[in-house]
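Throughout, a chain's letter reflects where its sequence line sits, starting with A, and its residues are numbered from 1.
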Amino acid sequence: MSELPKTYEPQAIEEKWYAQWLQDGCFTADPQSSKPAYSIVIPPPNVTGVLTLGHVLNNTIQDILARRARMLGKEVLWLPGTDHAGIATQTVVERTLKKQGEIKHRDDLGRDKFLEKVWEWKDKHGGIIIQQLKKLGASCDWDRERFTMDEDYSRCVQSIFVDLYEKGHIYRGRRMVNWCPVSLTALSDEEVIMKQQNGVLYQFRVEVAESPGTFLSIATTRPETIPGDTAVAVNPKDSRYTHLVGKHVVRPLPAEMPHADRWIPIVADEHVDFEFGTGVLKVTPAHDKADFEIGQRHGLVAIDVLRANGVMNEQAGHGLAGLDRFEARKVAAEMLREMGALEKEDPYQNNVGYSERADVPIEPRLSEQWFLKYPSKEAARDVVADGKMKFYPERWAKVYDHWMENLQDWCISRQLWWGHRIPVWYHRESGEVHCGLHAPADAENWKQDNDVLDTWFSSWLWPFATMGWPEKTETLKKFYPTTDLVTGPDIIFFWVARMIMAGYEWMGEMPFKNVYFTGIIRDKQGRKMSKSLGNSPDPLDLIAKFGADALRFGVMRSAPLGQDVLFDEKNVELGRNFCTKLWNAARFRQMQGGESEGEIAPALLSSDDKWILLKLDGAIEEVSRALDEYRFSDAAQALYRFFWSEFCDWYLEACKAALYGSDEARKTNTLAVMDFVLGHALRLFHPFLPFITEELWHGLGYNGDLPAQQGGRTIMFARWPGVLGKDFRTHYGLDATDEALANARYEVVNQGRGLRRDANIASNKKVKFVFRPTSPLTAHDPEVLKILLNAEALEIVDATWAPAKGTPTALTPLGELFLPLEGLIDVGAERERIQKEIAKVEQELLTVRRKLSSDSFVAGAPAAVVDEHRHRQTAWQDKLAQLGRMLETLGS
RNA sequence: GCGCGGUUAGCUCAGUGGUAGAGCACCUGCCUGACACGCAGGUGGUCACAGGUUCGAACCCUGUACCGCGCACCA
């Protein structure tokens, strides 16, 4: 084995191993393999996106799952790819072209030229995030990388559309949709996010046409839409107004319109809440969803007063036409005031729907769009409700179910160019509609629909479209349904729910068996990461500074299941420190020389050896179970604790007694134990820390001479450690006795270190200790104690030995430990220390006694618990007595 | 309005009925023969509040408060 350098330098090592893995085809999935399948499809990032911490979290989890599955002997497919992200990408490209002065509007280029530009952009910037994922160590099968606008994928999307059209699930209609006045397209309900707004509630009055002098007061937040009002509505049960139903009011705007043309009816509708405002609602069927429905019920006309971009049109009348909707709002209120109709203006908080992408209020707008009635709803709902498909954390199942219960038709058409164009043609003369993969033979007589499909209409096919559907490919046969899906809960409706429905509709089966929902990454103040706040660190900077393993470990260690993740660079630093610790522990092993991975001789095992082997067994069990249950931070935590606190802090120190001793056989055996533990630890760590573990696997010579696929060359295919188990324990004689002995010894050390501190002796100063054991010690005990106490000497004495007055003394499970320091002790300080301990013990004793003296406790608690309390009481009593004697010996 | 999380050390969080924990931060001492990205020792908590169940509650139940999120919304 070659010697490990003094410090771990992640950059070169990461690059080296990633290239090696690629070269050896370690990530490539073989559908012909006889191994059981394990598969994940990546949630495809936007093709123009760059890596964020959210991606780091999400993809590290997937990589951990994939790498562990390989070690468990599965044939693993982690299928990567990118999403064309319709609106996002088109917006970015359009904005850039505008900035470069190439165009003022995309119309300047026309559809085909514009799309060329988008493709150019995609080719130039599309690979970035993929490269970044590689830096993170993602073990995706890059040979199978897919893009939602690949030729075959596009064909797949279109045939799905045709299929649904033929099944009658897709229809076209003029409906109220969510319109984004900036992106100039319809949006689905899911793309609208409600935001609380500080606005104004205006109250204005209108005159009843048939009874001049009688007025109705109306509350509204949108006076600019008054020219679009075609009725006012009251609740049929509202006695204040029932006598007016059927009459008319005079709509105040547009003012220049003849009086008679501004008469609008008063209708009675259940929808009106008579508690709210004045109990009178202005009805604007063209600009409000609820109003539209009222309009339908009462046969009202809809007057559209807005252009697509949110500017008032001619119908809005003088003074408003040409103004932006928000400007028009103020102006309309002013106009009402001038005509004496404005009664009140109150500050008002309400919720307004915003376009998720453009971050502006959407407009409810009447337009011709394509809609989908979701297929396979029942199967999709049941599979989660029945627990056949598992959600982690489970509570998302309820959210899912609630949404599935209230499914609304999906508006799938978008007025964009970048995307899958709707495969529908209209006959130029007859208007006949043709839906199919190609235009009809007499193509020149037909015109294709201008719209494209919602991005999610392609993403929902991801689990099988990426595997070659509709062909029955080997990949599909082997790897569908996929095993795990890892994604954010924010796209549970956008993506997860729809994939489940699509899976059932076209594959007849669920698309994945388990769904893991990550938390959302926030900054350490709990705010969402955002570009404008500048609180979103670049993962690549972090990788450059600390290493990919450090980033992965830091993020995973602080990402508990079901909770948001508060990101703090400190965590990555901790990850880096941990890698260094791992590195140095390995280096320490290497410095001892000797054969790599020698045979362990059970007869030569010390209690320390047995202790660490039992701890290792516990760690394997704990880590495996945590990973089985998707508790990644628990697994990371357990590994951290095991390796640092147990292996390094105790075992590596304790075993120096054997390593620095003269017994070669014991030394060799100790090295074998170290190799055994390190070899297991490296494998347990590998899913979290792929690079450093691979480097050390080789550096320590654990790779052996086996071929790669058998765990020889790479740790990637080394077998995942199973629990050592009963046979192992029997064979190596691991039992509770040795563990207890080691624990007791470590307690002696703790006590001794306490003595040092109280005597103000620096930890690096070697001093002499005296130990008076209560029962015989083995030869091993003093050696270890001496090392761990950093003692110059450890003198073992018998009961006849008495310390000089004032000698600091500690009570330990194995006997009394003295720190003889002639003339150096501060008797007062030592007395204080003992008294402090006495106080503590007395407190404990009091608690236990109080419990035991309670009849109800003794009668009511299980016998074992009462017993345990009795033992505890005895122990505290003994300790108290001894402490008292110590105080006596101390003298004054 | 309905639903879901959360409230434990200065900070971030573990801890599902029987002696309150970790990491970071802080304090003290140390470059002790792997590691100062380290070692050793230490300070720090009436477990949000109020009731209840229980021999016993951070933990189970009920309610309250506050923080966060989702869904649905009244113009």
Side-chain N or O of A:Asn577 closer than 4.0 Å to phosphate OP1/OP2 of B:G38: yes
Taking atom C1' in both B:C59 and B:U16, compute the distance separating them and give it to the nearest angstrom. 5 Å
Between P of B:C37 and CZ of A:Arg587, the distance in whole Å: 14 Å
Just say parallel, tilted or perpendicular for the rings of A:Phe685 and A:Phe578, cut-offs at 30° and 60°. tilted
Measuring only the C1' atom in each nucleotide, how far is B:G33 from B:C13? A whole number of Å is fine. 38 Å
Taking for each residue the nucleotide of RNA chain B bearing the nearest heavy atom, is the 5' side occupied by A:Ala290 or by A:His402? A:His402
Would you indicate what A:Val272 reaches in the nucleic acid, counting non-hydrogen atoms under 4.0 angstrom: base, sugar-phosphate, or nothing? base
If only atom types and distance count, is the side chain of A:Glu844 paired as donor or acceptor with the main-chain N or O of A:Lys840 below 3.5 Å? no
Return the pairing partner of B:A22 with a 3.5 Å limit on both distances, Watson-Crick or G-U wobble; otherwise return none. B:U12
Between A:Lys398 and B:C2, is there a contact of a side-chain N or O with OP1 or OP2 at under 4.0 Å? no
So, A:Arg641 and A:Glu622, do they make that salt bridge, N to O below 4.0 Å? yes
Can you measure A:Lys786 atom NZ to B:U32 atom P for me and round it to whole angstrom units? 18 Å
What I want to find out is whether A:Glu783 reaches A:Lys786 closely enough, with some N-O distance under 4.0 Å, to be called a salt bridge. no
Should the pair A:Lys289-A:Glu293 be classified as a salt bridge under the 4.0 Å nitrogen-to-oxygen rule? no
G-U wobble or Watson-Crick pairing nucleotide for B:C74 (cut-off 3.5 Å, both distances): none
Between A:Asp608 and A:Arg745, is the closest basic N to carboxylate O distance under 4.0 Å? yes
So what does A:Arg557 hit on the nucleic acid, given a heavy-atom distance under 4.0 Å: a base, only sugar-phosphate, or nothing? sugar-phosphate
Sticking with atom P, work out how far B:U43 lies from B:G23, rounded to a whole angstrom. 15 Å
Tell me: CG of A:Leu789 to C1' of B:G41, nearest whole Å? 13 Å
I'd like the P distance from B:C49 over to B:U54, given in whole Å. 23 Å
Can you tell me, in whole Å, how much space there is between the C1' of B:A14 and that of B:G21? 7 Å
I'd like the P distance from B:G5 over to B:G10, given in whole Å. 27 Å
Separation of the C1' atoms in B:G51 and B:C74, to the nearest angstrom: 37 Å
Between A:Lys237 and A:Glu270, does at least one N-O distance fall below 4.0 Å, as a salt bridge requires? yes
Determine the Euclidean distance between corresponding P atoms of B:G6 and B:A48; express it in Å to zero decimal places. 13 Å
Rounded to whole angstrom units, what separation is found between the CG atom of A:Leu852 and the P atom of B:U19? 13 Å
Whole angstroms only, please: what is the OH-P distance between A:Tyr651 and B:A34? 15 Å
Determine, for A:Lys282 against A:Asp229, whether the closest basic-nitrogen to carboxylate-oxygen distance falls under 4.0 angstrom. yes
How many Å lie between NZ on A:Lys289 and P on B:C74, as a whole number? 10 Å
Of all the choices, B:C71, B:C74, B:C4, which nucleotide is nearest to the side chain of A:Arg395 once you look at every atom? B:C4
Contact class for A:Asn350 (heavy atom, under 4.0 Å): base, sugar-phosphate, or nothing? sugar-phosphate
Whether A:Lys768 and A:Glu792 form a salt bridge (side-chain N of Lys/Arg under 4.0 Å from carboxylate O of Asp/Glu) is what I want to check. no
Taking only side-chain nitrogens and oxygens of A:Tyr348, does any of them come within less than 4.0 Å of OP1 or OP2 of B:A75? yes
In the structure shown, which nucleotide is the Watson-Crick or G-U wobble counterpart of B:G63, with both distances under 3.5 Å? B:C49
Let me spell it out: for each of A:Asn790 and A:Gly279, pick the nucleotide of RNA chain B with the closest heavy atom. Which residue's pick is nearer the 5' end? A:Asn790
Using OP1 and OP2 only, check whether a side-chain N or O of A:Arg576 sits under 4.0 Å from B:C37. no
Check whether any side-chain nitrogen or oxygen of A:Trp644 sits under 4.0 Å from OP1 or OP2 of B:C37, and answer yes or no. no
If only atom types and distance count, is the side chain of A:Arg240 paired as donor or acceptor with the main-chain N or O of A:Phe274 below 3.5 Å? yes
With 3.5 Å as the limit, what N/O pairs link the protein to nucleotides 7-18 of chain B?
| from | atom 1 | to | atom 2 | distance (Å) |
| --- | --- | --- | --- | --- |
| B:A14 | OP1 | A:Gln563 | NE2 | 2.8 |

From CZ of A:Arg753 across to P of B:C30 the rounded distance in Å is 17 Å
May I ask you to evaluate whether A:Asn764 reaches the phosphate of B:C31, defined as a side-chain N or O under 4.0 Å from OP1 or OP2? yes
Distance below 4.0 Å between A:Asn750 side-chain N/O and B:G41 OP1 or OP2: yes
Please state whether the rings of A:Tyr651 and A:Phe647 are parallel, tilted or perpendicular, taking 30° and 60° as the class boundaries. parallel
Checking B:U19, B:A34, B:C71 against the side chain of A:Trp876 (C-beta onward), the nearest is B:U19
Side chain of A:Gln592, base of B:A34: donor and acceptor closer than 3.5 Å? no
Give the rounded distance in Å between these two atoms: CZ of A:Phe494 and P of B:G70. 12 Å
Does any donor-acceptor pair link the side chain of A:Ser763 with the base of B:G41 at a separation under 3.5 Å? no
Between A:Lys282 and B:A75, is there a side-chain N or O to OP1/OP2 distance below 4.0 Å? no
Any base atoms under 4.0 Å from A:Glu653, or only sugar-phosphate, or nothing? Heavy atoms, all strands. base
Suppose we define a pair by two distances each less than 3.5 Å, Watson-Crick or G-U wobble; what does B:G68 pair with here? B:C4
If you look at every strand shown and take non-hydrogen atoms under 4.0 Å, does A:Ala859 touch a base, only sugar-phosphate, or nothing? nothing
With both distances under 3.5 Å as the test, what is the Watson-Crick or G-U wobble partner of B:G33? none
OP1, OP2 of B:A34 versus side-chain N and O of A:Tyr660: anything below 4.0 Å? yes
Verify the contact: side-chain N or O of A:Lys570 to OP1 or OP2 of B:A25, cut-off strictly under 4.0 Å; return yes or no. yes
Sugar-phosphate only, base, or nothing, as touched by A:Cys579 at under 4.0 Å among non-hydrogen atoms: nothing
